[in-house]
> 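So that we are looking at the same thing, I have put the structure below in structure tokens.
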Amino acid sequence: MFKRTRYCGHVSEKDLGKEVVLNGWVHRVRNHGGVIFIDLRDREGLIQCVVEEKENPRVFELADTLRSEYVVAVRGTVRRRPPGTENPKLKTGDYELVIKELSLLNTSETLPFPIEEETHLSEETKLRYRYLDLRRESMKENLLFRHKAYQTVRKVFLEHGFVEVETPFLTKSTPEGARDFLVPSRLHPGKFYALPQSPQLFKQILMVAGFDRYFQIVKCLRDEDLRADRQPEFTQVDFEMSFVDEEDVMSFSEELIATLFKELMGVELKTPFERIPYSEALERYGSDKPDRRFGLELIELTDLFKNTEFMVFRRALEIGGVIKAINFKGSDLSRKEIDELTQFVQGLGAKGLAWIKVEDGRLTSPIVKFFSEEEKKRLLELTQAQTGDVIFFSADRRDAVYRILGNLRLYIGKRYNLIDNSGFDVFWVVDFPLMEWEEEEKRFVSLHHPFTSPREEDIPLLRRAVEEGALEEKKRLVHSVRARAYDLVINGYEVGGGSIRIHKRELQELVFKLLEIPQVEAEERFGFLLNALRYGAPPHGGLAFGFDRLIAIMRGLDSIRDVIAFPKTQKGICPLTGAPDYADPKQLKDVHIKVVE
RNA sequence: GGAGCCGUAGUUCAGCCCGGUCAGAACGCCGGCCUGUCAAGCCGGAGGGCGCGGGUUCAAGUCCCGUCGGCUCCGCCA
């Protein structure tokens, strides 16, 4: 075999007249009788190679047997294509390689699908033949783009004095948060390691150890249901800094993100990024990671309907709920279209979807008869409704209203192409409450994680909450405690989140107490962190970016599967390898596991 | 745990609403022709019984039930 002197995609003006050797895959063959064209492809691109029967009958004969995806080495001379035969669609389209020598390195069976962009393959086919799927231009570009992003991220961290440290994968299960993946211990029958949901505790301990600035590009594992933007194993760009406050972490994050967008895409993001309070995100968009690239904001109507005759609304008010609406302006929806949206919200758990259509300044709707003249008038004012508008209502518990209208808003935005895809909407969500009441478990849970620090001035509220006996008052106190946390949102995706952490043992114990994590359990689960906090833990904070999501957004993709080399299906299966699979009885015996049922 | 969409040649998909030449198209594949194409072209050919299992019916890709798989979403994801 002869060895490559050029990548196919790198052949250029300066190779004219020179002899080069290319190694690659036969992308396509065009046989015209006396002349054969071979599009030869490698990682860097594609170039046309040509052989004429009368010039080189021996090579021609071999070239005639080539099929798609055969692997070959060719030696030949680069020349300018004859005038009029250039291909402007190819980077190398002005040149071609005249083949002098051809070596067949391997054949290929007929492919299950063509290596081209046009065919949209089912996810299972893509993943089963991932090695072929990744030969396709866009998939290859996704991974090469991701590769460049790793390099840029490392460069920015190094410029700012961060130290790269690896943390363990075989570690300890922590309560709260996602379900852990467990690994049975062979040496300790009945005991299990947990795979890390994030390096959270280790990076805090590295701060206590004095490393001051840490980063890691690291896999995290969570055994939860999958989504287009959620895989059981995913990559975080994780960092932590000592002797800093929110501003330091956020401004460093902004520099990192802005550098990525600039160097990889030439996009200038305006820094500092805008900040919006958590409460505003929910009030206006019904989401803590709103897509602000279109309107359709939520309109508050609870007050307007406080004396309503409409039973559906009244019941919502009686349970302390709220009434909100969105106005789909100028949509002039048909009954059929409204039915489709109704079906959508029913899928979210809504009983139905109340709506009003404005026609010739009049309100048309099955529910309008329940409204007084005054209510109708004020409704038109508050929603600024005009002829052609359709207003959708949700009346329920506050969280349900946010969920239903927030998701309906997104659904309409996508369904009716309201989203402005031309740019990137990048902003921080700040002022999260530290905890919220979890009705199902009848206790408070952390919004971020239990190591997030409350604001200094809110700590007294926390202390009073611990003492408070009356639940309603306790809720009021706890809910008014703000966290020193921040989430980064781009185009409606949460791409990062972090906080200033608790660095004093006493405060950490107070938080555990409110979360009703018993002292014994706290000791058992993360006593090692509490212990570390005894020995001079510096104030610290950090953030982690969801690297897969970030890359997907930058590439304009809806699914992170397209930026992961070997992802899993929605059921957590890898069609390429067949994982997960049954274990060999011997292996199970080694790790002291007996499978029941 | 739940909702929705989808599953028909190697691939992408039409046919399903209104059961009865409905088993089709394109690409790919195989053979032939062809000296400038680049999604080459022209001629010819092979290839599936409609994810799987029940049921309804004289008759089922087509209707019903169940099940498996893919996708999207809710729950879940500190």
Side-chain angles (χ1 to χ4, degrees), chain A residues 27-40 46-55 60 67-69 81-90 92-93 96 109-129 132 174-180 197-198 200-201 220-232 234 340 343-350 399-400 403-404 406-408 410-411 414 432 434-436 438 440 444-452 483 485 494 497 499 511 515 517 546 558-559 561 568-571 573 575:
Chain A
H27 188 66
R28 242 183 267 278
V29 186
R30 291 177 296 280
N31 186 339
H32 285 251
V35 60
I36 294 175
F37 298 102
I38 299 161
D39 289 339
L40 194 65
L46 192 128
I47 184 157
Q48 172 168 288
C49 304
V50 60
V51 58
E52 290 187 35
E53 184 167 25
K54 68 171 197 279
E55 299 290 330
F60 185 91
R67 296 292 178 268
S68 286
E69 301 305 304
R81 289 198 192 185
T85 66
E86 301 87 354
N87 183 354
K89 284 188 271 181
L90 279 181
T92 61
E96 64 187 6
E109 289 185 17
T110 300
L111 299 169
F113 54 83
I115 309 298
E116 63 180 29
E117 293 300 313
E118 290 73 25
T119 312
H120 290 283
L121 302 168
S122 75
E123 202 66 21
E124 198 185 355
T125 308
K126 276 165 73 79
L127 296 184
R128 182 184 306 282
Y129 299 100
L132 300 180
T174 52
E176 312 275 299
R179 193 175 293 113
D180 290 310
Q197 297 172 24
S198 81
Q200 182 61 36
L201 298 182
C220 300
L221 301 109
R222 298 178 186 177
D223 189 5
E224 296 292 349
D225 287 358
L226 287 77
R227 290 282 189 284
D229 63 348
R230 273 163 39 187
Q231 285 273 309
F234 62 100
E340 181 196 320
Q343 218 176 352
F344 173 76
V345 297
Q346 282 172 337
L348 299 174
D399 59 338
R403 187 165 54 80
I404 288 160
N407 279 303
L408 178 64
L410 272 181
Y411 183 82
K414 285 177 189 153
F432 289 86
L434 185 68
M435 302 174 190
E436 60 184 7
E438 176 65 55
E440 279 68 44
F444 295 101
V445 295
S446 300
L447 232 73
H448 271 76
H449 54 59
F451 318 106
T452 299
E494 183 197 324
S499 61
V511 166
L515 293 171
I517 300 173
D558 292 324
S559 168
R561 288 187 300 270
K568 293 178 177 57
T569 68
Q570 196 172 42
K571 286 236 160 62
I573 284 167

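Values in this document were obtained by computation on a predicted structure and should not be read as measured data. Below, read A as the first sequence line, B as the second, and so on, with proteins coming before strands; counting in each chain starts at 1.
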> Less than 4.0 angstrom from a charged side-chain N to a carboxylate O is my criterion; do A:Asp225 and A:Arg230 meet it?
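No, A:Asp225 and A:Arg230 are not salt-bridged.
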> Starting from C1' on B:C13, measure out to CG on A:Leu121 and report it in whole angstrom.
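Atom CG in A:Leu121 sits about 13 Å away from atom C1' in B:C13.
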> So what does A:Thr452 hit on the nucleic acid, given a heavy-atom distance under 4.0 Å: a base, only sugar-phosphate, or nothing?
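No contact at all - A:Thr452 keeps every heavy atom at 4.0 Å or more from the nucleic acid.
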> Without decimals, in angstroms, what is the distance between A:Ile115 CD1 and B:C27 P?
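The answer, rounded to whole Å, is 19 Å.
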> Test your reading of the model: is there a side-chain donor-acceptor pair from A:Arg222 to the backbone of A:Gln197, 3.5 Å cut-off?
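Looks like yes, one N/O pair under 3.5 Å.
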> Would the base of B:C77 count as contacting A:Arg230 through its side chain, where contact means a donor and an acceptor less than 3.5 Å apart?
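By the distance-only test, yes, there is a pair.
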> Under 3.5 Å, is there a donor-acceptor pair between the side chain of A:Arg81 and the main chain of A:Glu96?
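A pair under 3.5 Å: no.
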> For the P atoms, the ones on B:C50 and on B:C63, what distance do you get once it is rounded to whole angstrom?
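B:C50 and B:C63 have their P atoms separated by 15 Å.
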> Could you run down nucleotides 33-39 of chain B 5' to 3' and tag each one B, S or - for protein heavy-atom contact under 4.0 Å?
-BBBBBS
> Can you tell me, in whole Å, how much space there is between the C1' of B:G53 and that of B:G15?
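It works out to 24 Å between them.
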> Determine the Euclidean distance between corresponding C1' atoms of B:A14 and B:C6; express it in Å to zero decimal places.
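B:C6 and B:A14 have their C1' atoms separated by 15 Å.
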> One character per nucleotide, please: for nucleotides 66-73 of chain B, 5' to 3', B when the base has a protein heavy atom closer than 4.0 Å, S when only the sugar-phosphate does, - otherwise.
---SSBBB
> For A:Arg403 and A:Pro112, take the nucleotide of RNA chain B holding the closest heavy atom to each; which residue's nucleotide lies nearer the 5' end?
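Counting from the 5' end, the first nearest nucleotide belongs to A:Pro112.
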> B:U62 and B:G20: how far apart are their P atoms, nearest whole angstrom?
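Their P atoms lie roughly 11 Å apart.
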> If B:C63 has a Watson-Crick or G-U wobble mate with both distances under 3.5 Å, name it; if not, just say none.
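Pairing partner: B:G55.
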> Quickly work out the A:Phe113 CZ to B:C29 C1' distance and round it to whole Å.
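The distance from CZ of A:Phe113 to C1' of B:C29 comes to 16 Å, rounded to the nearest Å.
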> How many whole angstroms separate atom CG of A:Leu221 from atom P of B:C77?
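To the nearest whole Å, that distance equals 17 Å.
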> Does a sphere of radius 6.0 Å around CD in A:Glu109 hold more than 12 heavy atoms from other residues, nucleotides or ligands, not counting ones at 6.0 Å or beyond?
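Counting neighbours around CD of A:Glu109, 12 or fewer heavy atoms of other residues, nucleotides or ligands fall under 6.0 Å, so no.
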> Would you classify B:G49 as syn or anti? Syn applies when the glycosidic angle is within 90° of 0.
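You should classify B:G49 as syn.
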> Let me know the distance between NZ of A:Lys126 and C1' of B:U12, rounded to the nearest Å.
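In whole Å, B:U12 C1' and A:Lys126 NZ are 14 Å from each other.
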> Tell me which nucleotide, if any, is Watson-Crick or G-U wobble paired with B:C38 when both distances must be under 3.5 Å.
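Its partner is none (no Watson-Crick or G-U wobble pair with both distances under 3.5 Å).
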> With rounding to the closest Å, how many angstrom separate the C1' atoms on B:A39 and B:G28?
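My reading of the C1' atoms in B:A39 and B:G28 gives 12 Å.
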> Could you measure between the two P atoms, the one in B:C5 and the one in B:C65, and give it in whole Å?
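Comparing P positions in B:C5 and B:C65 gives a spacing of 12 Å.
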> Give me syn or anti for B:G53, where syn covers glycosidic angles within 90 degrees of 0.
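With its glycosidic angle more than 90° from zero, B:G53 counts as anti.
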> Searching all strands shown, indicate the nucleotide that pairs with B:C71 (Watson-Crick or G-U wobble; both distances under 3.5 Å).
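Answer to the pairing question: B:G4, which forms a Watson-Crick or G-U pair with B:C71.
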> What closest approach, in Å, do A:Lys568 and A:Leu127 show between heavy atoms, and which atom pair accounts for it?
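Minimum heavy-atom contact is C-CD1, 4.2 Å.
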> Which heavy atom in A:Asn31 sits nearest to a heavy atom in A:Gly33, and how many Å separate them?
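In this case the closest contact between A:Asn31 and A:Gly33 is OD1-N, 2.9 Å.
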> Given the P atoms of B:G7 and B:C64, what is the spacing between them in whole Å?
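The answer is 14 Å between these two P atoms.
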> When the distance from CD of A:Glu224 to P of B:C76 is rounded to whole Å, what number comes out?
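After rounding, the gap between these two atoms is 10 Å.
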> Taking any strand in view, what nucleotide pairs with B:A46 in a Watson-Crick or G-U wobble way, both distances under 3.5 Å?
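Matched B:A46 with nothing under the 3.5 Å cut-off.
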> Base, sugar-phosphate or nothing for A:Ile36? Non-hydrogen atoms, less than 4.0 Å.
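Here A:Ile36 touches no strand at all.
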> In Watson-Crick or G-U wobble terms, both distances under 3.5 Å, what is the partner of B:A25?
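Across all strands, the one nucleotide that pairs with B:A25 is B:U12.
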> So does A:Tyr129 have more than 12 non-hydrogen atoms from other groups sitting under 6.0 Å from OH?
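Counting other residues, nucleotides and ligands, OH of A:Tyr129 stays at 12 neighbours or fewer.
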> How many whole angstroms separate atom OH of A:Tyr411 from atom P of B:A3?
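Checked: the OH to P distance equals 17 Å.
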> Mind calculating the distance between CZ (A:Arg179) and P (B:G1) to the nearest angstrom?
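The answer, rounded to whole Å, is 11 Å.
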> Of all heavy-atom pairs between A:Val511 and A:Pro450, which one has the smallest distance, and what is that distance?
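Reported closest heavy-atom pair: CG1-O, 3.6 Å.
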> Which base sits across from B:C17 as a Watson-Crick or G-U pair, both distances under 3.5 Å?
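Across all strands, not a single nucleotide pairs with B:C17.
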> Which of parallel (below 30°), tilted (30 to 60°) and perpendicular (above 60°) describes A:Phe344 and A:Tyr411?
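The rings of A:Phe344 and A:Tyr411 lie parallel, inter-plane angle below 30°.
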> With rounding to the closest Å, how many angstrom separate the C1' atoms on B:A23 and B:A60?
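Comparing C1' positions in B:A23 and B:A60 gives a spacing of 13 Å.
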> Any side-chain to backbone donor/acceptor pair from A:Glu55 onto A:Glu53? Under 3.5 Å, distance only.
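Checking the backbone N and O of A:Glu53 against the side chain of A:Glu55, no donor-acceptor pair under 3.5 Å is found.
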> Looking at CD of A:Glu116 and NE2 of A:His27, how far apart are the two atoms once the value is rounded to the nearest 0.5 Å?
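Rounded to the nearest 0.5 Å, the CD-NE2 separation comes out at 7.5 Å.
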> If you take all heavy atoms of A:Leu46 and A:Leu90, which pair is closest and at what distance?
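For A:Leu46 and A:Leu90, the tightest heavy-atom pair comes out as CD2-CD2, 3.6 Å.
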